[in-house]
Amino acid sequence: MIDVRRSADRYRGGAPGSGIESLHAFSFGRHYDPDNLRFGAILACNEERLRPGAGFDEHPHSHTEIVTWVVSGELTHRDSQGHATVVRPGDVQRLSAAGGVRHVERNDGDEDLVFVQMWLVPLAPGGDPSYEIVHGIADSTPYALPEAGAMLHVRRLSAGERSAVPDAAAVYVHVVRGEVRLGKAELGPGDSARITDAEHLELTAGAGAAEVLVWELG
């Protein structure tokens, strides 16, 4: 089964007056929706848009796997474990909050910053926080997240190119840019699909290039 969710239907949040616009795919903050709390291990898939100088001041997380994908611009990240990095397009950043961690996320650059941030439930609570950044992950190279029993696949497709969707009990698809066809569904930027019992499905790019994030969920 394929459950398509459109970008226009995401919950709008953030603080526009402070240069922050957030689009939430799942129940989040004041946008409480008991019928949209999670899909498999995924708790959140937020599109964040930060103007130059805007950002999220130091705030806490716990018992959450946080994976960030930068679409455009540069994300400055610092956390209470002493990590300080700049995340750019093509990089995968993971913060395992474990028993508790605090971090800061800012746009210290001169252009707008757009990133997708996904929160997943760990298989076991507690433990020590950890951090990882993979610079310039190659197309179709899977990024394993064993802490949540999940695998992230990055798909960069040229016009008309096809790519198989993993056969899995649950798959989450988020279109970063471009247009793709998934089964009989047409998806555009910001659209997503929640797939159960995926089997022999393909993604096909439209008339232009496309970039898609695919979560294979255990």
Side-chain angles (χ1 to χ4, degrees), residues 1-16 19-51 64 66-73 75 89 92 112-121 148 150-217:
M1 184 179 75
I2 303 176
D3 178 10
V4 173
R5 306 290 178 108
R6 298 299 178 184
S7 177
D9 296 329
R10 287 174 172 253
Y11 310 115
R12 292 189 174 271
I20 302 172
E21 182 182 6
S22 303
L23 301 175
H24 305 295
F26 293 85
S27 179
F28 199 95
R30 70 179 184 273
H31 300 291
Y32 177 68
D33 182 352
D35 296 323
N36 190 23
L37 297 178
R38 62 188 288 182
F39 178 72
I42 298 179
L43 289 172
C45 179
N46 303 333
E47 290 185 36
E48 306 287 0
R49 302 170 184 176
L50 275 58
R51 300 284 292 172
T64 310
I66 302 171
V67 177
T68 303
W69 179 262
V70 172
V71 179
S72 60
L75 170 65
V92 173
D112 289 350
L113 164 66
V114 180
F115 64 95
V116 179
Q117 189 168 91
M118 298 149 287
W119 299 5
L120 291 86
V121 181
M151 186 89 70
L152 175 63
H153 304 265
V154 178
R155 298 286 192 256
R156 302 180 185 95
L157 307 174
S158 57
E161 185 179 357
R162 296 181 177 183
S163 179
V165 173
D167 290 343
V171 175
Y172 185 82
V173 172
H174 175 85
V175 180
V176 175
R177 54 169 58 90
E179 298 180 345
V180 298
R181 186 172 68 253
L182 174 64
K184 296 181 180 180
E186 302 286 342
L187 306 179
D191 290 348
S192 62
R194 306 174 190 191
I195 308 168
T196 53
D197 299 323
E199 191 172 296
H200 308 309
L201 283 174
E202 284 187 332
L203 286 165
T204 305
E211 184 175 270
V212 186
L213 303 178
V214 179
W215 278 104
E216 181 181 354
L217 305 169

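From a predicted model like this one, the values you see are computed outputs, not experimental measurements.
Side-chain contact between Val180 and Val173: absent, with no pair of heavy atoms (C-beta onward) separated by less than 4.5 Å. Contact of the Glu179 side chain with the Glu186 side chain is not registered, since no non-hydrogen atoms from C-beta on lie closer than 4.5 Å. Leu213 is listed as a side-chain neighbour of Val154, based on a closest heavy-atom distance under 4.5 Å. At a threshold of 4.5 Å between non-hydrogen side-chain atoms, the residues Ile42 and Trp119 do not count as touching.
Distance check, rounded to the nearest 0.5 Å: CZ of Arg181 to OG1 of Thr204 gives 4.5 Å. To the nearest 0.5 Å, the span separating CZ on Phe28 from CG on Asn46 amounts to 4.5 Å. Atoms CG and OG, on Leu50 and Ser22 in that order, are 7.5 Å from each other to the nearest 0.5 Å. Taking CG of Asp9 as the start and CG of Leu23 as the end, the distance is 11.0 Å to the nearest 0.5 Å. We find the CG-CD1 distance between Leu182 and Ile2 to be 4.0 Å, quoted to the nearest 0.5 Å.
By the side chain to side chain contact (heavy atoms under 4.5 Å, CB included) test, Ser72 is found to be paired with Val114, residues two or more places apart in sequence or in another chain being considered.
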Under 3.5 Å, which donor-acceptor pairs link side chains of residues 160-171 to any protein atom two or more places apart or in another chain?
{"from": "Glu161", "atom 1": "OE1", "to": "Ser158", "atom 2": "N", "distance (Å)": "2.9"}
{"from": "Glu161", "atom 1": "OE1", "to": "Ser158", "atom 2": "OG", "distance (Å)": "3.0"}
{"from": "Ser163", "atom 1": "OG", "to": "Arg155", "atom 2": "NE", "distance (Å)": "2.7"}
{"from": "Asp167", "atom 1": "OD1", "to": "His200", "atom 2": "N", "distance (Å)": "2.9"}

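Asn36 places a side-chain N or O within donor-acceptor distance of the main-chain N or O of Ala25, the cut-off being under 3.5 Å. The closest donor-acceptor contact from the side chain of Asp191 to the backbone of Ser7 lies under 3.5 Å. Panel note: side chain His24, backbone Ala44; no donor-acceptor pair is recorded below 3.5 Å.
Pairs passing the salt bridge (charged side-chain N to carboxylate O under 4.0 Å, His left out) check and including a residue from residues 33-48, sequence neighbours excluded, read Arg10-Glu47, Glu47-Arg49.
The only option from Leu37, Val121, Ile66 that meets the side chain to side chain contact (heavy atoms under 4.5 Å, CB included) definition with Leu43 turns out to be Val121.
Using cut-offs of 30° and 60° on the angle between ring planes, the pair Phe39 and Tyr172 is tilted.
By the 6.0 Å and 45° rule, Arg194 stacks over the aromatic ring of Phe26.
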